[in-house]
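What you see below is based on every heavy atom in this structure, not just the backbone, and it leaves out hydrogens, waters and symmetry mates. These numbers come from a predicted model, not from an experiment. Proteins get letters first, then strands, A, B, ... in listed order; numbering begins at 1 in each.
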Number of protein chains: 2
Amino acid sequence: MKSRDKKTNDVPDCLKLDNQLCFPLYACAKAVTHRYRPLLDPFDLTYTQYITMMVLWEKKAINVKELGEKLYLDSGTLTPVLKKLESKHYISRHRSEQDERNLIVKLTEEGAALKEKIVTVPEQMSCCIDLTREEAVELHKLLHKIITTMK
Amino acid sequence: MKSRDKKTNDVPDCLKLDNQLCFPLYACAKAVTHRYRPLLDPFDLTYTQYITMMVLWEKKAINVKELGEKLYLDSGTLTPVLKKLESKHYISRHRSEQDERNLIVKLTEEGAALKEKIVTVPEQMSCCIDLTREEAVELHKLLHKIITTMK
DNA sequence: TACAATTTAATTGTTGACAATTTAATTGTA
DNA sequence: TACAATTAAATTGTCAACAATTAAATTGTA
């Protein structure tokens, strides 16, 4: 029924969009990110800028490399994101004095203060993801399993 | 333990990257798409081009609107993707004679032939996603639940 | 110490994603 | 029929993602 050669409409099952795991994953990630937009607009943040801020709320100072490891992003993506956040006065960017290769990113007061206002965002998001607590935990577990084995 | 106000390191739990569902989703989708790259390179296809071809292998002719509904993409994304696929001679693009607003996308012979060669790709992918059959089914179910409730 | 190797960010170039707008064709209706 | 409203795709502009390369600082070692 699900072998490679079994065909309906002369396409192997494994080449059908809906039989793949990757496509729902891709579609779902886009749909969720999309939902963030109206929630983040009032704070003048994009989703990528938001997750960058999340790292900083947990860790006041961090360099680009370490930030990239947490977010799975490289400096090519992060440099412009960080410059944007700096221009919004949410973060500061300075070279480390010990090692000038490192760029240290820090929250500004304004950036730190944002944390208090923005807690409504994850609350609103979890509302519109219509899963039970158990389903959410299960999904989280499965996603992490893939992420760790992929790395 | 997981209330909004419960804090460790003075960040509410709900604002921690790893407590969110959206971030693992985003990270996982990127990791999987990334894995496609070396598999698709020999066919000179990007992931987006690949899923576009998948729709066409199932449905020989389709217009941009319908294609966009299947892939959750708009014409702003699809127009350049389709032009690229056309330049690679995998598809043809023609206006419908009945309604000139519609652009009809069709497989070329070369594009149709690609299907036979590319079946190894989903096979290789399913190998490197380290889930049991049951886990994969469960993940698929959960993702679809989110996608449908989000739309 | 000198200089090769490594490390860190930034830059460049390509592709993707999407909002907002534009253009052209078709449909609805006064 | 005339023309307003709608529809489909393309265009424009912005941000994101990532490979590959570059520039600068640091580290390792002959």
NA contact type, [X], heavy-atom cut-off 4.0 Å: base, sugar-phosphate, or nothing?
| X | value |
| --- | --- |
| A:T48 | sugar-phosphate |
| A:Q98 | sugar-phosphate |
| A:L73 | sugar-phosphate |

Return no unless some side-chain N or O of [X] is found under 4.0 Å from OP1 or OP2 of [N].
| X | N | value |
| --- | --- | --- |
| A:K30 | D:dA16 | no |
| A:N63 | C:dT8 | no |
| A:Y26 | C:dA17 | yes |

[X], nearest nucleotide to its side chain (from [options]):
| X | options | result |
| --- | --- | --- |
| B:D99 | C:dT26, C:dC18, D:dT26 | C:dT26 |
| A:V81 | D:dA16, C:dA19, C:dT15 | D:dA16 |
| A:D74 | C:dT26, D:dA19, D:dC15 | D:dA19 |
| B:K65 | C:dT26, D:dC18, D:dA8 | D:dA8 |
| A:Q49 | D:dT7, D:dA16, C:dC18 | D:dA16 |
| B:T79 | D:dT26, C:dT27, D:dT11 | D:dT11 |
| A:H34 | C:dA9, C:dA19, D:dA16 | C:dA19 |

Could you tell me the Watson-Crick or G-U partner of D:dA4, where both distances fall under 3.5 Å? Say none if there is no partner.
C:dT27

Which base sits across from D:dA9 as a Watson-Crick or G-U pair, both distances under 3.5 Å?
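Per the H-bond distance test, C:dT22.
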
Using 30° and 60° as the class limits, which term best fits the ring planes of B:F23 and A:Y72: parallel, tilted or perpendicular?
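It falls in the parallel class, under 30°.
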
Answer with yes or no whether B:S75 presents, from its side chain, a donor or acceptor under 3.5 Å of a partner atom in the base of D:dA8.
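A donor-acceptor contact between them is absent.
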
Side chains of B:Q98 and B:S96: donor-acceptor distance under 3.5 Å anywhere?
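Yes, because at least one side-chain N or O of B:Q98 sits under 3.5 Å from a partner of the opposite role on B:S96.
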
When B:T77 and B:K84 are each assigned the nearest nucleotide of DNA chain C, the 5'-most assignment goes to B:K84

Which atom of A:L45 lies closest to which atom of A:Q49, heavy atoms considered:
CA-OE1, 3.5 Å

